[in-house]
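Just so it is clear, the model here is predicted, and its values are computed rather than measured. Throughout, a chain's letter reflects where its sequence line sits, starting with A, and its residues are numbered from 1.
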2 protein chains.
Amino acid sequence: MNAPSGDDEPAKLPTRPPTIKDVAERAQVSPMTASRVLAGGPNVRPQMRRRVEHAASELGYRRNENARSLRPGHKSGLIGVTITNIANPYYAEMQGGIEEIAAKANRRIIVGNSNEDPDLERQLVADFIGRRVEGLIVVPADPTHADHLAPESLGGSPIVFASRSVPGLDVDTVLIDDLGGAYEATSRLLDEGHRQIAFLGTRTSVLTGQRRLQGYRNAHRDHNVPVYEHLVRTGQQEAVGAERALTELLAHEIPPTAVFSANNRNTVGAIRAIARIRSTRTSETPAIRLIGFDWFEFADLSPVPLSVVAHDPRELGRRTAQMLLDRIDGARGGLAAETVELPVYLQLTPEGPK
Amino acid sequence: MNAPSGDDEPAKLPTRPPTIKDVAERAQVSPMTASRVLAGGPNVRPQMRRRVEHAASELGYRRNENARSLRPGHKSGLIGVTITNIANPYYAEMQGGIEEIAAKANRRIIVGNSNEDPDLERQLVADFIGRRVEGLIVVPADPTHADHLAPESLGGSPIVFASRSVPGLDVDTVLIDDLGGAYEATSRLLDEGHRQIAFLGTRTSVLTGQRRLQGYRNAHRDHNVPVYEHLVRTGQQEAVGAERALTELLAHEIPPTAVFSANNRNTVGAIRAIARIRSTRTSETPAIRLIGFDWFEFADLSPVPLSVVAHDPRELGRRTAQMLLDRIDGARGGLAAETVELPVYLQLTPEGPK
DNA sequence: CGAGCAATTGGTAACGATACCAAACATTAG
DNA sequence: CTAATGTTTGGTATCGTTACCAATTGCTCG
């Protein structure tokens with residue numbers, strides 16, 4: 001037994017965090033009264049309130065949220081987030097947007113990196129559900145292996161997809177306007193008179209990559225300009241690959257006069273390739289026009305002229321989180337799944353994101 | 001009451017996630033047996049095992065980890081992380097490293113953005129402790145308001161600081177070698193013969209900024225070269241500020257011949273300022289030498305020659321997480337707090353991080 | 001001064017899971 | 001065939017918290 005409340009020594013050897021019973025004992029009240037005080041409940045004499053608060057602060061008491069969330073009606077206050085690559089600045093910014101909205105709604109985010117691996121993703125989601133998250137935000141790793149993301153296998157937790165969609169599933173999704181952005185960029189190049197426009201993109205198994213390629217094709221179709229298939233290079237996941245691909249193309253007998261790079265990594269590779277070519281064959285080579293998907297901090301510093309299709313990952317995160325919270329609060333209870341496409345901005349002289 | 005097990009309809013209206021009792025009932029066993037099966041316990045007849053597993057998968061049962069962690073001896077499996085700015089690519093990469101190590105140790109991270117605000121940080125930490133995280137990783141927002149980060153106010157959860165330290169507190173800390181990196185970079189410039197070296201840095205209230213400035217000064221001292229105080233410009237938190245500051249300096253009657261920029265943002269600003277000046281006054285102006293702290297993706301594309309002091313934020317995250325896990329496992333139970341300084345690499349021709 | 005009412009406090013049970021023990025059952029040796 | 005041993009199953013209590021109700025106290029008003 002502890003000494004009575006006259007005992008003032010700090011006694012700092014908490015092998016185990018103090019419980020509400022410890023607080024109650026020290027304050028000489030019942031656990032119920034202590035609970036009422038600490039939950040800010042009504043009908044407590046100020047004297048009791050002070051006694052309990054004092055005891056709690058002396059012991060360094062923290063309410064155990066896990067135990068609390070066990071009681072019926074209580075939620076965990078957690079939102080599970082799986083991202084294919086946390087370290088990617090794009091998703092980092094998106095995560096920032098999610099956190100911003102979640103924090104406003106007094107929720108925390110619990111984050112896992114799926115590393116583009118659907119199995120890892122499945123484990124993460126299972127873990128999150130085990131922790132009774134109130135909802136899930138997922139950047140789906142692989143749309144063809146996404147059974148574990150189907151609403152019926154989630155035990156009722158709402159889910160929203162961010163940045164990528166999964167065709168077969170009826171799930172709220174927030175995308176950016178890949179098709180429109182690619183269309184607009186390519187159209188711009190065509191309007192400028194270019195007829196040999198290289199496409200540099202990722203694997204087309206990533207839906208985003210597929211849609212951007214589609215926008216490129218659609219623009220050609222609508223301008224009645226044929227696509228030179230040899231100028232379409234997909235599968236570059238990293239900058240080095242893109243650099244190599246474009247270097248090859250520039251050596252081709254029908255070289256591109258302009259390049260549309262479908263993401264950040266490909267844009268970097270394209271810049272390097274163009275800069276290198278230009279330093280070898282000096283002024284006689286005509287300038288290569290470049291438009292890249294994804295905004296990019298140093299566009300104004302690029303050694304080759306660069307326009308970008310900009311969009312706002314933070315806003316993507318915000319919208320996704322808000323959509324999820326609306327589902328959680330039941331604000332959009334019965335409504336069917338919705339897909340939102342965020343706008344993109346063709347920036348001819350980039351100045352930074354919105 | 002539910003119909004007996006003959007009932008095969010999916011019955012998908014889970015207003016409430018199924019509990020182990022639901023599973024037990026459906027499998028016609030006691031909750032204890034169900035628990036044993038689902039925890040992989042021994043001494044269960046295969047027939048029972050199958051019955052329970054079948055019932056569990058039919059109901060979509062997930063063990064409630066919150067309830068589980070309530071039992072004595074069980075941990076939450078959570079690590080709380082507060083970062084001053086999640087969206088910063090540097091910290092995003094660091095978070096990636098933390099997650100990597102945490103995942104290997106079968107832990108999840110719960111992440112909050114303190115937004116450089118010590119009050120928010122305090123709330124986050126309180127929340128994390130309430131969730132019984134097994135440990136905390138914090139990028140401290142403000143070393144002068146950090147009482148809430150003292151071990152004695154954390155109820156026993158181990159804590160490790162990443163990227164920034166808090167002088168008064170006896171806490172494990174992982175830093176990068178700011179002093180050494182700044183010293184090395186500045187020394188290099190001095191060795192090259194420069195005598196007017198501008199310093200562009202953040203507020204010196206950020207300890208990192210202070211240490212980098214100190215390295216700059218120490219290098220001057222050891223080379224017996226006086227510091228021109230007007231060339232020391234601190235307080236630039238963003239690139240625009242740095243660009244303005246350096247533009248001013250370049251117009252000064254004693255302009256710098258070289259620049260040491262103490263972080264990423266300042267480097268970007270410096271590049272812009274130098275590029276702009278060079279485009280105005282053409283070839284007669286001598287080249288400005290630039291070395292920047294923090295690695296930077298497009299260093300090889302920079303329109304002005306640039307060397308960088310590189311370091312690896314992912315490794316910073318990994319080390320921090322490992323240090324925390326060691327504390328959690330008691331591997332370093334009684335040992336005093338330790339501060340680790342990760343090495344930096346002066347890259348004269350940048351090629352990317354390790 | 002006592003009935004009537006509100007304010008205050010405490011006891012009990014339950015949230016979901018499981019450690020511990022006891023009961024029931026099967027198996028083998030003697 | 002019985003005792004002893006091992007295997008399998010279930011009951012009970014508990015982790016920390018709080019909703020619900022009952023018990024107690026203090027207060028007002030007729």
Between Thr320(B) (side chain) and Leu316(B) (backbone), is there a donor-acceptor pair under 3.5 Å? yes
When the axes are fitted on five pairs at both termini, how much does the helix from dC1(C)-dG30(D) to dG30(C)-dC1(D) curve, in 10° steps? 50°
From CD of Gln47(A) over to P of dA7(C), roughly how many Å is that when rounded to an integer? 19 Å
OP1 or OP2 of dT9(C) under 4.0 Å from side-chain N/O of Thr33(A): no
Between atom CG in Asn66(B) and atom P in dA17(C), what is the gap in whole Å? 10 Å
Report yes or no: does Asp117(A) contribute a side-chain atom to a donor-acceptor pair with the main-chain N or O of Asp119(A) at less than 3.5 Å? yes
Under 4.0 Å between a side-chain nitrogen and a carboxylate oxygen: does that hold for Glu25(B) and Lys21(B)? no
May I ask you to decide whether Glu53(A) forms a salt bridge with Arg51(A), counting only side-chain N to carboxylate O separations under 4.0 Å? no
Can you find a side chain N or O atom of Asn43(A) that sits less than 4.0 Å from OP1 or OP2 on dT8(C)? yes
Tell me the interatomic distance from Arg49(B), atom CZ, to dT8(D), atom P, rounded to whole angstroms. 10 Å
Between Leu59(B) and Pro18(B), what is the shortest heavy-atom contact and its length? O-CG, 3.4 Å
Check for a donor-acceptor pair, side chain of Asp172(A) on one end and backbone N or O of Glu338(A) on the other, with a separation under 3.5 Å. yes
Rounded to whole angstrom units, what separation is found between the CE atom of Met48(A) and the C1' atom of dT24(D)? 13 Å
To the nearest Å, give me how far apart CG (Asp22(B)) and P (dG16(C)) are. 8 Å
Once you round it to whole Å, what is the distance between C1' of dA13(D) and CG of Leu70(B)? 13 Å
Would you tabulate the nitrogen or oxygen pairs shorter than 3.5 Å linking the protein to nucleotides 17-21 of chain D?
unit_1	atom_1	unit_2	atom_2	d
dT17(D)	OP1	Tyr61(A)	OH	2.5
dT17(D)	OP1	Asn64(A)	N	2.8
dT17(D)	OP2	Ile20(A)	N	2.5
dT17(D)	OP2	Tyr61(A)	OH	3.4
dT18(D)	OP1	Arg63(A)	NH1	3.4
dT18(D)	OP1	Arg68(A)	NE	2.7
dT18(D)	OP2	Ser35(A)	OG	2.8
dT18(D)	O4'	Arg71(A)	NH1	2.8
dT18(D)	O2	Arg71(A)	NH1	2.6

Minimal heavy-atom distance between Ala27(B) and Ala55(B), with the atoms involved, is CB-CB, 3.9 Å
Rounded distance (Å) that lies between atom C1' of dA14(C) and atom CZ of Arg16(B): 13 Å
Does Glu121(B) reach the main-chain N or O of Ala141(B) with its side chain, forming a donor-acceptor pair under 3.5 Å? yes
From dG10(D), dT9(D), dC15(C), pick the nucleotide closest to the side chain of Ser30(B)? dG10(D)
Listing request: all side chain to side chain donor-acceptor pair (under 3.5 Å) pairs with a residue in residues 123-145 of chain A, at least two apart in sequence or in separate chains. Arg107(A)-Glu134(A), Asp127(A)-Arg131(A), Asp127(A)-Arg108(B), Asp142(A)-Thr144(A), Asp142(A)-His145(A)
Measure CD/Gln28(B) against P/dT9(D) and give the value in whole Å, please. 14 Å
